[in-house]
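Presented below is the structure to which this report refers.
Here is the naming used below: chain letters follow the sequence lines, and residue numbers restart at 1 for every chain. This is a predicted model, so every value here is computed, not measured.
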There are 2 protein chains.
Amino acid sequence: MTKQRKLVLDIVENSCNHLTAEEVFFKAKEEMPNIALGTVYRNLNILVDEGLLRRLTIAGHPDRFDNTRIEHEHLICKNCGKLSDFRIEGIKEKLKEASQENVQSYELNAYYICEDCCNQEVM
Amino acid sequence: MTKQRKLVLDIVENSCNHLTAEEVFFKAKEEMPNIALGTVYRNLNILVDEGLLRRLTIAGHPDRFDNTRIEHEHLICKNCGKLSDFRIEGIKEKLKEASQENVQSYELNAYYICEDCCNQEVM
DNA sequence: ATCAAGAATAGGAATTATTCCTAAAATAAA
DNA sequence: TTTATTTTAGGAATAATTCCTATTCTTGAT
């Protein structure tokens, strides 16, 4: 655990948003001005592999990163991309049961149109 | 519904695999040798927006496309990327309930290590 | 059918997110 | 402390996808 990796982990864990690699990079630069973008990407990948962070992949958008302390699902506005969290109890067990496999992790994204976009009529 | 769009739709609907845009493109070329890759992408996007196809986004892999006739979830090997389907009854209703929003679509990917990869020891 | 208007296409350039490469620096091991 | 291993910074390369433009299709009204 190098200091760069620790920094990346801290930034993601202490952010209430779901940050992109680039956002993590800019925050990291505030503390370590010459950290490289590649380093951020590499460490994010390592941290995800180790299970310390979760990756959130949404079509057409860059990946976002999330802490793993509380399992949760994501609700995404189809129109503006706004992202929020919600929970479904016991989903992981359901997945294991339904798939008959040892599910290690999962990603559950629900798409809707948020209120703001609904009210804009034109889309 | 142009003939290009119809062809793209037919290819995805009549394939039991989950095809990438490029795979759709090569299949489409067999019927229409000078269809353009951009046309395939554009039409896949339109068909997804119209709800006629589903998009399947997996981190680090190109998007895949799926027919929508039967709602189903995806089981993905973390190691080799092997992809299979499974079902969870009534998940969409659960999502609406849990999120308190009008969920229009969702994507549920479960990750595991497939038997082949398990047996290979080295990963 | 003929024509005009709008939409879709082919082909290729451009963009974007991400990974890969390499030499230098840091860390760990002996 | 010397050696071996890992990681880094910086930038080039890659891959998937979108964007651009001139041309071709459709379509619907006359």
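Side-chain contact check for B/Glu73 and B/Tyr106: at least one donor-acceptor pair (N or O, by modelled atom type) lies under 3.5 Å. Between B/Arg64 and B/Asn17, the side chains place no donor N or O within less than 3.5 Å of an acceptor N or O (distance only, hydrogens not considered).
Rounded to whole Å, the distance from NZ on A/Lys29 to C1' on D/dT8 is 14 Å. Look at CZ on B/Phe26: it is 11 Å from P on D/dA16, rounded to the nearest Å. Between A/Arg55 atom CZ and C/dT19 atom C1' the separation is 12 Å, expressed in whole Å. Rounded to a whole Å, the NE2 atom of B/His61 is 13 Å from the C1' atom of C/dT18. In this entry the distance linking CG of B/Leu44 with C1' of D/dT18 reads 13 Å, nearest Å. Atom CE in A/Met1 sits about 15 Å away from atom C1' in D/dT6, given to the nearest Å. Rounded to whole Å, the distance from CZ on B/Phe25 to C1' on D/dT18 is 15 Å. In this structure, the NZ atom of A/Lys6 is 17 Å from the P atom of D/dT7, given to the nearest Å.
Both A/Leu19 and A/Leu44 belong to a common hydrophobic cluster when Ile, Leu, Val, Met, Phe, Trp and Tyr are linked at side-chain heavy-atom distances under 4.5 angstrom. Residues B/Leu83 and B/Leu108 do not share a hydrophobic cluster, clusters being chains of Ile/Leu/Val/Met/Phe/Trp/Tyr side chains in contact below 4.5 Å. Tracing side-chain contacts under 4.5 Å through hydrophobic residues (I, L, V, M, F, W, Y), one reaches A/Val8 starting from A/Leu52; they form part of the same cluster. Cluster membership check: B/Ile11 shares its hydrophobic cluster with B/Tyr41, using side-chain heavy-atom separations under 4.5 Å among Ile, Leu, Val, Met, Phe, Trp and Tyr.
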Verdict with supporting geometry, A/Glu31 and A/Gln4, side-chain contact (heavy atoms from CB on, under 4.5 Å): CA-CA 10 Å; A/Glu31 303 252 319; A/Gln4 287 89 343; over 6 Å; no

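The side chain of B/Asn45 contributes no N or O atom lying less than 4.0 Å from OP1 or OP2 of D/dT17. Between B/Tyr41 and D/dT17, a side-chain N or O to OP1/OP2 separation shorter than 4.0 Å is present.
The number of heavy atoms from other shown groups lying within 6.0 Å of CD (B/Glu115) does not exceed 12.
Rounded to 10 degrees, the angle between the two end axes of the helix from C/dA1-D/dT30 to C/dA30-D/dT1 is 40°, with five pairs used at each end.
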Can you check each nucleotide of nucleotides 4-14 of chain C against protein heavy atoms at under 4.0 Å and return B for base, S for sugar-phosphate only, - for none, in 5' to 3' order? ----SBBB---

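Qualifying side chain to side chain donor-acceptor pair (under 3.5 Å) partners for B/Thr57, counting only residues two or more places apart in sequence or in other chains: B/Asp63.
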